[in-house]
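Please read the structure below before turning to the comments.
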Amino acid sequence: MQLRELVDASVATGATRSRKKKISTLAAVLAALTPEEVPLGVAWLSGKMVQGRIGVGYAQIKEQLDARIDAPEIATSTLSLADVNACFDEIAAVAGRGSKARRGALLGDLLDRSTRAEQAFVVRVLIGEVRQGALEGVMLDAVAQAAGLPAADVRRAHMLCGDLGRVATAGLLGGAAAIAGFRIEVFVPLQPMLAQTAQTVAEASERLGEAVFETKLDGVRVQAHKRGDEVRVYTRKLHDATAGVPEIVEAVRALPVESAILDGEVLGLGPDGKPVPFQETMSRFATRRNVRAARATLTLRPVWFDVLYLNGEELIDTPQRDRSAALLAAVPEAQQVPQTTTRSVEEAEAFYDAVLEEGQEGVMAKDPAAPYAAGKRGAAWLKVKPVHTLDLVVLAAEWGHGRRKGWLSNLHLGARDGDGFVMLGKTFKGMTDATLAWQTEALQAIATDAGEWTVQVRPHWVVEIAIGDVQRSTQYPGGLALRFARLRGYRHDRDVSSSATLEEVRALYDALHPGA
DNA sequence: AAGTATGCATC
DNA sequence: GTCGGAC
DNA sequence: GTCCGACGATGCATACTT
C-alpha cells in the first residue's frame with residue numbers, strides 16, 4: 001500500500017466525530033493491507049510505531065521542517081508503507097557519536113520524499129500524536145469489523161496480548177480460530193487492569209457494597225512473570241524492566257511456585273527500611289547503569305495485590321476474592337498488600353485513615369466478584385486518594401493546541417512570597433469549554449506581555465487548585481512543585497493578598513512527607 | 001570535565 | 001497521572 | 001461505560017556543547 005492511502009484514511013478518520021464512521025474508514029483500509037503491512041498500518045493509525053520510540057522528537061523534527069520551509073511540495077509521492085518503515089528501522093538503529101546528524105539526515109530524506117499531507121502524518125506518528133480521534137480502542141473495533149469478528153472476541157485477544165499488531169494479524173488472516181487461540185501466557189505481558197476514581201471511601205463503599213479495600217502504594221506498577229528460575233518484570237506500558245530491578249527478580253524467583261504472573265507495586269525503601277517518596281523510587285527504578293551501586297543506597301521491594309496465573313492455571317476470570325485468596329497462599333506476607341474486606345462504611349473509613357496515617361497514597365476498593373478485566377478502566381476497581389487544595393495566583397497562561405486552539409489553556413500558578421510570587425507549576429485540567437472561553441478574555445484583559453505561546457498577566461486572579469501532592473523541584477524557584485494539579489474554580493471572592501504563601505506550601509510538603 | 005538539550009519512561 | 005467532551 | 005486528547009511533574013541516558 002502507498003503511504004498516501006493510509007494518510008487519506010487518517011485524515012478521513014479525523015474529519016468525522018462519528019465513531020462508527022471512524023471504525024468503517026479504518027476497517028476499509030485494514031482490509032486493503034497485505035499481511036506484512038498489517039502491523040504497520042495498525043500501529044501508525046493508532047499512534048504508535050512497531051519499533052516503539054526511535055529517538056526522534058519534536059525538536060529534531062522542527063529542525064528538519066524549518067530547513068524545508070521554502071521548499072516546494074513534491075508533485076507525487078511513491079512512498080509505500082514498507083519504505084517508511086524501513087526508514088524508521090534505519091533511524092532506530094543509529095547510535096553513538098554523530099547520531100543526531102545522521103538521524104536528522106534520514107528524517108530529512110523521508111520528508112523530502114513526502115507530500116505535505118504525508119509529512120504531517122509521518123510527523124504525528126513520530127511524535128506519537130496522531131490526533132484523529134481514534135487510537136487503540138477504536139482500532140480494535142475496526143479490526144473486528146474488517147475481520148468480520150465480534151468486537152468482544154478481538155478485545156479479549158488484546159487483553160491477553162498487548163501487541164495490537166499481532167492481534168490484528170491473527171484476526172485479519174486467521175479469523176475466528178486465530179483470535180480464539182490467544183491464551184494467557186508466561187512472558188507475554190497482559191494489559192494491567194485500571195481503576196476509576198471515587199471521591200470518598202463512603203462513595204466507593206456505596207458503589208460496590210461489600211468490597212475488598214487495599215492499601216494504595218505510591219510506587220511503580222509492575223507485572224512479574226515466573227516460570228521455574230526464569231523471571232521477567234514488566235511495567236504498566238508492558239516495557240521490560242527486568243534489568244533494573246534485581247531485588248524483585250530475586251524475590252519472585254524465590255517464591256514457592258512453579259509458574260506465576262503477579263500484579264503489584266514496587267516501592268523504594270530507604271536505609272531505615274521505610275518507604276521513600278515516589279521521586280526517589282522513580283530515580284532508582286529508572287537507573288540502568290550501576291544498578292548494583294544504586295541498590296546499596298535504595299532497595300526495591302515488591303508488594304503484590306493480584307495473581308493472574310498460577311502453576312499453569314489461568315486466574316483472570318476467577319473472582320477477585322478467590323484471586324486474593326490464591327495470592328495469600330502463593331507469596332509471603334511481607335509481599336502482600338494490606339487489605340480488608342467489608343461492607344461497612346465505618347470500617348472502610350477506619351482502614352483508610354490508618355493507611356493515610358502510615359503515609360501511604362490512599363486505598364483501592366475492589367468488587368469481590370469481579371474478574372481481572374485486563375486493560376479496562378472499569379468500575380470494579382475504585383481508587384480513593386486525599387485531595388489537597390491551595391488558593392494560588394495566575395501568573396501567566398499558554399495558548400492551547402488541538403481542540404483548545406484559540407483558547408488560553410495552561411495556567412502558570414504561583415504562591416505569594418514576600419512582595420512577589422513564585423511559580424509552583426502549571427495546570428490545564430479541570431476547565432470546561434466555558435471556563436476556557438471566559439479565561440481567554442479575562443486573562444487577555446490583564447495581560448502585561450504577550451509572547452508567541454505565553455501571555456504574562458498582572459497577578460489578579462485567585463484560583464482554587466486541587467493537588468495530589470507537593471514534590472521537590474529543581475526547576476521551580478521555590479524548590480517545590482505541584483503534583484497532579486487541576487483547577488477547581490476561579491475565586492471571584494478572593495484577592496491575591498489572601499492567596500497561599502510559599503511558606504504554607506512548604507508546610508504542606510512537610511506534613512505530607514514527614515522526615516523528608 | 002562539566003553543563004545543556006533532547007528523548008523517553010514513570011506517575 | 002486528572003479532567004471534560006463525545007459517542 | 002468507554003475512549004480520546006488536552007497537557008502536568010519528575011529522573012535517567014545519551015549526545016552535544018562549552
Side-chain angles (χ1 to χ4, degrees), chain A residues 14 16-23 46-47 52-63 94-103 126-141 155 194-197 218-222 235-237 239 241 244 265-266 277-290 294 361 373 375-380 383 385 387 398 400-405 407 409-413 424-436 465-476 480-488:
Chain A
T16 177
R17 292 201 309 210
S18 159
R19 197 168 290 175
K20 285 180 177 170
K21 190 150 180 234
K22 289 179 195 287
I23 291 166
S46 42
R53 304 305 311 267
I54 61 173
V56 173
Y58 178 75
Q60 184 135 211
I61 287 167
K62 186 171 190 304
E63 197 173 301
V94 176
R97 240 178 88 108
S99 60
K100 183 174 178 286
R102 178 70 186 139
R103 268 197 292 266
L126 280 166
I127 62 177
E129 294 180 355
V130 291
R131 291 174 175 172
Q132 58 188 12
L135 293 170
E136 287 203 337
V138 177
M139 180 57 79
L140 275 166
D141 287 337
R155 283 174 183 275
L194 304 171
Q196 294 179 3
T197 305
D218 192 10
V220 180
R221 181 91 178 261
V222 291
T235 65
R236 200 188 115 154
K237 295 268 184 68
H239 293 119
E265 196 86 358
V266 166
F278 173 76
Q279 285 173 295
E280 293 176 42
T281 300
M282 196 58 222
S283 163
R284 169 58 216 279
F285 191 86
T287 296
R288 287 293 174 274
R289 298 184 328 182
N290 256 326
E361 191 183 22
K376 295 269 183 269
R377 193 180 290 281
K383 60 180 147 187
K385 301 197 283 187
V387 176
E398 296 171 18
H401 296 79
R403 81 177 294 282
R404 290 194 174 188
K405 192 173 167 62
W407 279 330
S409 172
N410 205 359
L411 301 180
H412 294 199
L413 306 167
L424 290 169
K426 309 177 190 178
T427 189
F428 58 90
K429 298 170 190 157
M431 295 154 193
T432 62
D433 289 359
T435 308
L436 289 163
I465 299 296
I467 58 171
D469 198 6
V470 180
Q471 59 193 336
R472 304 192 72 87
S473 173
T474 52
Q475 176 184 345
Y476 288 113
L480 295 175
L482 309 176
R483 192 175 178 209
F484 312 145
R486 60 269 191 191
L487 177 71
R488 276 289 178 76

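Letters go in sequence order (proteins before strands), and every chain restarts at 1.
At a threshold of 4.0 angstrom between heavy atoms, the contacts of G219(A) are confined to the sugar-phosphate backbone, with no base atom among them. Residue-level contact check: A95(A) touches the backbone only, with heavy atoms under 4.0 Å from sugar-phosphate atoms and none from bases. At the heavy-atom level, A134(A) lies under 4.0 Å from the strands shown only through sugar-phosphate atoms. Residue contacts for G378(A): at a heavy-atom cut-off of 4.0 Å it reaches the sugar-phosphate backbone alone, with no base atom in range. Among the protein residues, D433(A) comes within range of the sugar-phosphate backbone only, with heavy atoms under 4.0 Å from sugar or phosphate atoms but none that close to a base. Nucleic acid contact for K385(A): sugar-phosphate only, since backbone atoms but no base atoms lie under 4.0 Å from a heavy atom of the residue. Nucleic acid contact class of T197(A) (heavy atoms, under 4.0 Å, all strands): none. Counting non-hydrogen atoms under 4.0 angstrom, I61(A) reaches nothing in the nucleic acid. Heavy atoms of R155(A) sit under 4.0 angstrom from primed sugar atoms or phosphate atoms, though from no base atom. Within 4.0 Å (heavy atoms only), K405(A) reaches no atom of the nucleic acid at all.
The CZ atom of R488(A) sits 13 Å away from the P atom of dT2(C) (whole-angstrom rounding). Counting to the nearest Å, the P atom of dG4(C) and the CZ atom of R403(A) are 12 Å from each other. The CZ atom of R377(A) sits 12 Å away from the P atom of dC3(C) (whole-angstrom rounding). Rounded to whole Å, the distance from CD1 on I23(A) to C1' on dC3(D) is 11 Å. Atoms CG (D141(A)) and C1' (dC4(D)) sit 13 Å apart, rounded to a whole Å. For the pair L436(A) CG and dC3(C) C1', the interatomic distance rounds to 11 Å; values are reported in whole Å. Atom CE of M431(A) is separated from atom C1' of dT2(C) by 12 Å (rounded to the nearest Å). When rounded to the nearest whole Å, the span between CG of L135(A) and P of dA6(D) equals 10 Å.
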- Task: Could you walk me through whether R483(A) and D218(A) pass side chain to side chain contact (heavy atoms under 4.5 Å, CB included), step by step?
- Result: CA-CA 13 Å; R483(A) 192 175 178 209; D218(A) 192 10; 2.8 Å; yes
- In sequence, state the C-alpha distance, the side-chain angles, and the governing distance for I54(A) and L126(A), and then conclude on side chain to side chain contact (heavy atoms under 4.5 Å, CB included). CA-CA 8 Å; I54(A) 61 173; L126(A) 280 166; 3.7 Å; yes
- Task: Kindly indicate, with the supporting measurements, whether the criterion side chain to side chain contact (heavy atoms under 4.5 Å, CB included) is fulfilled by T235(A) and F285(A).
- Result: CA-CA 11 Å; T235(A) 65; F285(A) 191 86; 4.0 Å; yes
- Using the side chain to side chain contact (heavy atoms under 4.5 Å, CB included) rule, take V387(A) and R486(A) through it: C-alpha gap first, then chi angles, then the decisive distance, then the call. CA-CA 11 Å; V387(A) 176; R486(A) 60 269 191 191; 3.6 Å; yes
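Under the side chain to side chain contact (heavy atoms under 4.5 Å, CB included) criterion, R155(A) pairs with L140(A), D141(A), K376(A), sequence neighbours left out. Take K100(A) and apply the salt bridge (Lys or Arg N to Asp or Glu O under 4.0 Å) test, not counting sequence neighbours, and it matches E63(A). Every residue meeting the side chain to side chain donor-acceptor pair (under 3.5 Å) condition with K426(A), not counting sequence neighbours, appears here in chain and number order: E398(A).
Of all heavy-atom pairs between S473(A) and A481(A), the closest is CB-CB, 3.7 Å. Closest of all the heavy-atom pairs between F484(A) and K385(A) is CE1-NZ, 4.0 Å. For the pair L436(A) and M431(A), the tightest heavy-atom approach, listed with the atom from each and the gap, is CD2-SD, 3.8 Å.
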- How does protein reach along nucleotides 7-13 of chain D, written 5' to 3' as B (base within reach of a heavy atom under 4.0 Å), S (only sugar-phosphate), or - (no contact)? BBSSSSS
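Put simply, R103(A) has no side-chain N or O that comes within less than 4.0 Å of OP1 or OP2 on dT14(D).
Looking only at side-chain heavy atoms (C-beta outward), D433(A) and R403(A) come within less than 4.5 Å of each other.
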Between the protein and nucleotides 16-18 of chain D, which nitrogen or oxygen pairs are less than 3.5 angstrom apart?
residue	atom	partner	partner atom	Å
dC16(D)	OP1	G98(A)	N	3.3
dC16(D)	OP1	S99(A)	N	3.3
dC16(D)	OP1	K100(A)	N	3.1
dC16(D)	OP2	G98(A)	N	2.9

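Of the options L487(A), L424(A), T427(A), I467(A), a side chain to side chain contact (heavy atoms under 4.5 Å, CB included) to L413(A) is made by T427(A) and by none of the others.
Judged by distance alone, with hydrogens and angles left aside, the side-chain atoms of Q196(A) form a donor-acceptor pair with the main-chain N or O of R377(A) at under 3.5 Å.
Interface limits on DNA chain B: the 5'-most and 3'-most nucleotides within less than 4.0 Å of chain A heavy atoms are dT6(B) to dC11(B).
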